[in-house]
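Shown next, in structure tokens, is the structure this report addresses.
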Amino acid sequence: MNNFELYNPTNYIFGKGQMEKLGNLIPKNAKILLAYGGGSIFKNGIYESVMQNLKGFDVTEFGGIEPNPHFETLEKAIAIVKEKKIDFLLAVGGGSVIDGVKFISGATNYKGNPLEILQKRLLIKENAVPFGTVLTLPATGSEMNSGAVVTIAATQEKLSFGGSALFPQFSICDPTVIESLPKRQIQNGIVDAFTHVMEQYLTYPHDAYLQDRIAEGILTTLIEIGPKVVEHPTDYALASNYMWCCTMALNGLLNKGVPTDWATHMIGHELTALYGIDHARTLAIIGPHLYTVLFETKKEKLTQYGKRIFHLSGSDDEIAKEAINKTVEFFHLMGIDTKLSQYTDDYAKAATFIAARFKERGWNALGERQNLTVEKVKHIVEMSY
Ligand code: NZQ
Ligand code: ZN
């Protein structure tokens with residue numbers, strides 16, 4: 001196992017009715033910015049429940065953080081935080097609102113141009129404005145990690161950043177919030193979490209046996225509950241396992257001591273930036289082709305995945321290939337289309353465009369073995385048409 005440090009200061013508060021703890025989690029006399037998205041929190045009662053528990057606090061509201069949050073929108077929030085001397089941020093939403101708040105948190109006290117945080121992928125280790133979250137959409141794991149993704153609308157770039165100062169101080173995670181989620185978002189959440197595990201699992205054999213078994217446990221659980229929770233979002237057992245799987249898939253536990261990939265996400269982000277396709281759906285479009293193009297170097301892990309998750313038999317090559325088919329089958333069962341042309345008619349430019357961007361950024365050798373060249377990226381995107 002590789003050496004590692006495990007640091008996660010987030011107070012993760014899980015279960016029904018946990019919102020009543022909210023007022024005690026925020027410092028007394030704090031001036032709060034309550035950040036939210038397009039307004040779903042007003043329709044499902046979450047806003048009311050938050051406000052009931054923030055009685056006595058000085059709260060400024062900032063809405064309109066869009067899915068795949070825009071730098072341009074977050075700049076406005078930063079101006080308000082500075083003007084009103086806000087000293088605590090509360091994200092109430094899914095990954096987009098939480099990521100948006102992470103950017104506000106890191107950028108408010110940043111001395112230079114906040115765009116640099118994204119363009120230079122700066123690590124935010126200090127001077128962040130403290131923040132907590134109320135999770136309304138299980139998917140990204142952002143509620144218990146220190147990473148985030150923000151889009152610069154002006155240049156259509158979707159860029160990730162993070163740092164040890166960007167863990168939420170607390171996250172209130174009540175599985176009943178999924179009752180108001182559109183099916184599409186539950187489908188997205190399951191497939192996003194599934195792919196988070198794959199990015200940290202489907203690499204090459206190593207001796208961190210426990211991480212493999214935890215990863216396989218999450219994959220198996222997601223396969224078991226995924227299709228059911230879409231149909232029965234009020235089933236608490238399904239909802240709670242869905243939420244916990246999503247957090248566990250990306251709270252920094254799986255990647256300890258093991259190689260990781262993340263190239264599916266890097267390519268997927270470009271598809272969202274170009275076409276506005278939901279994050280999880282871009283992963284379902286790209287992942288299986290990436291596994292195919294990198295078949296030789298991922299084969300051993302694909303075989304392990306095929307045997308342990310899908311109980312396949314045959315030669316290693318047969319199992320590894322069939323494991324990719326089974327993955328696509330699962331995405332389809334989750335109601336997710338896996339071809340780019342099913343999302344846009346303008347798909348033909350994607351491969352050349354993305355390859356050029358990766359080249360420009362010097363992303364010539366991605367993946368756990370650094371063997372994913374720009375040419376291979378182009379090929380993967382072409383295969384996804
Ligand atoms: O904006 P509102 O009106 O709240 O509606 C949202 C939004 O339209 C809606 N929604 C959320 N909770 C709801 C609800 N509707 C009804 N009832 C509820 N309880 O769902 C829509 C999508 O929300 P969004 O936050 O965009 O979804 P998700 O949580 O999937 O987040 C996606 C973003 O997270 C990034 C993605 O790239 C994308 O920008 N990611 C962040 C990661 C991280 N920080 O670790 C890792 C991921 O790989 C991912 O890249
Ligand atoms: Zn993701």
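Each ligand, and each atom within it, is numbered from 1 in the order the structure gives.
- Remark: among candidates Asn145, Asp192, Asp174, Leu137, the nearest residue to atom 9 (C) of ligand 1 is Leu137, based on non-hydrogen atoms.
- The shell of residues lying under 4.0 angstrom from ligand 1, judged by heavy atoms, includes Pro182.
- Ligand 1 lies less than 4.0 angstrom from a heavy atom belonging to Asn68.
- Vertex the Zn ion (ligand 2); arms to His279 atom NE2 and His265 atom NE2; angle 100° (nearest 10°).
- Shown in contact with Thr136 at under 4.0 Å from a heavy atom are these atoms of ligand 1, numbered in order with element: 11 (C), 12 (N), 13 (C), 18 (C), 19 (N).
- Close contacts of ligand 1 with Asn44, meaning ligand atoms under 4.0 Å from a residue heavy atom, involve 17 (N), 18 (C), 19 (N).
- At least one heavy atom of His196 sits less than 4.0 Å from an atom of ligand 1.
- Cation-pi geometry between Lys321 and Phe295 is met: the NZ or CZ atom falls under 6.0 Å from the ring centre, inside 45° of the normal.
- Ranking the protein heavy atoms by distance from atom 49 (C) of ligand 1 puts His279 NE2, 3.3 Å first.
- Any N or O atom pair closer than 3.5 Å counts here, and Ala139 shares no such pair with ligand 1.
- Distances below 4.0 Å separate heavy atoms of Ser180 from the following atoms of ligand 1: 16 (C), 17 (N), 18 (C), 19 (N).
- Residue contacts with ligand 1 for Lys43 are absent, since no atom lies close enough (heavy atoms, distance under 4.0 Å).
- Checked against a 3.5 angstrom limit, the closest N/O atoms of Val177 and ligand 1 fall inside it.
- Using a 4.0 Å cut-off between charged side-chain N and carboxylate O, Asp261 and Lys298 make a salt bridge.
- Judged by the 6.0 Å and 45° rule, Lys301 forms a cation-pi pair with Tyr201.
- For atom 42 (C) of ligand 1, the closest heavy atom belonging to the protein is Thr140 CB, 3.7 Å.
- In terms of N/O distances under 3.5 Å, ligand 1 is approached by Gly38.
- With respect to the salt-bridge test (charged N to carboxylate O, under 4.0 angstrom), the residues Glu375 and Lys378 do not qualify.
- Nearest to the Zn ion (ligand 2), among the N, O or S atoms that Asp192 has, is OD1.
- Counting heavy atoms closer than 4.0 Å to ligand 1, residue Leu181 contributes atoms from both its backbone and its side chain.
- Residue Pro69 places no N or O, backbone or side chain, under 3.5 Å from any N or O of ligand 1.
- In Gln370, the CD atom is crowded: over 12 heavy atoms of neighbouring residues, nucleotides or ligands sit closer than 6.0 Å.
- The closest non-hydrogen atom to atom 26 (O) of ligand 1, taken over Gly252, Gly94, Ser96, comes from Ser96.
- Heavy-atom proximity to Ser142, at under 4.0 Å, picks out these atoms of ligand 1: 43 (C), 44 (N).
- In the vicinity of Lys158, heavy-atom distances shorter than 4.0 Å reach the ligand 1 atoms 36 (C), 37 (O), 38 (C), 39 (O).
- Of the candidates Leu283, Thr203, Leu219, Leu219 is the only one forming a side chain to side chain contact (heavy atoms under 4.5 Å, CB included) with Met198.
- Geometrically, ligand 1 and Asp99 share a nitrogen or oxygen pair separated by less than 3.5 Å.
- By the criterion of a heavy-atom distance under 4.0 Å, neither the backbone nor the side chain of Ala280 is placed next to ligand 1.
- Pro67 CG, 4.0 Å is the protein heavy atom nearest to atom 7 (C) of ligand 1.
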Item to complete: Please assess Phe103 against Phe161 for the test ring-ring contact (aromatic ring centres under 6.0 Å, His included), listing each intermediate value before the final yes or no.
Response: CA-CA 9 Å; Phe103 188 76; Phe161 65 100; 5.5 Å; yes
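- For Gly93, the heavy-atom gap to ligand 1 stays at 4.0 angstrom or more.
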Practice prompt. Go through the steps to decide whether Thr247 and Tyr12 satisfy the test side chain to side chain contact (heavy atoms under 4.5 Å, CB included), and finish with yes or no.
Written response: CA-CA 10 Å; Thr247 300; Tyr12 187 80; 2.7 Å; yes
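- Figure legend: Arg369 and Tyr204 shown as a cation-pi pair, the cationic atom lying under 6.0 angstrom from the six-membered ring centre and within 45 degrees of its axis.
- Set against the non-hydrogen atoms of His269, the atoms of ligand 1 under 4.0 Å away are 37 (O), 50 (O).
- Shown in contact with Leu250 at under 4.0 Å from a heavy atom are these atoms of ligand 1, numbered in order with element: 45 (O), 46 (C).
- Stacking of Lys16 on the aromatic ring of Tyr236 is recorded, both the 6.0 Å distance cut-off and the 45° axial limit being met.
- Within 6.0 Å of the NZ atom in Lys307, the count of heavy atoms belonging to other residues, nucleotides or ligands does not exceed 12.
- Using a 4.0 Å cut-off to heavy atoms of His265, the atoms of ligand 1 that qualify are 48 (O).
- Residue nearest to atom 5 (O) of ligand 1, selected from Ser40, Gly95, Gly64, Gly162: Ser40 (by heavy-atom distance).
- Using a 4.0 Å cut-off between a side-chain N of Lys or Arg and a carboxylate O of Asp or Glu, Glu270 and Lys158 do not qualify as a salt bridge.
- Between Glu5 and Lys256, none of the side-chain N atoms (NZ, or NE/NH1/NH2) sits under 4.0 Å from a carboxylate O, so this pair counts as no salt bridge.
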Item to complete: Step by step, work out the side chain to side chain contact (heavy atoms under 4.5 Å, CB included) result for Leu6 and Phe4.
Response: CA-CA 6 Å; Leu6 174 55; Phe4 65 83; 4.2 Å; yes
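- The closest approach between Gly141 and ligand 1 stays at or above 4.0 Å for every heavy atom of the residue.
- Heavy-atom neighbours of His379 NE2 from other residues, nucleotides or ligands within 6.0 Å: at or below the threshold of 12.
- Two rings, from Phe330 and Phe194, have their centers less than 6.0 Å apart.
- Salt bridge absent: Asp316 and Lys299 never bring a charged side-chain N and a carboxylate O closer than 4.0 Å.
- Protein heavy atom at the shortest distance from atom 21 (C) of ligand 1 is Gln185 NE2, 3.4 Å.
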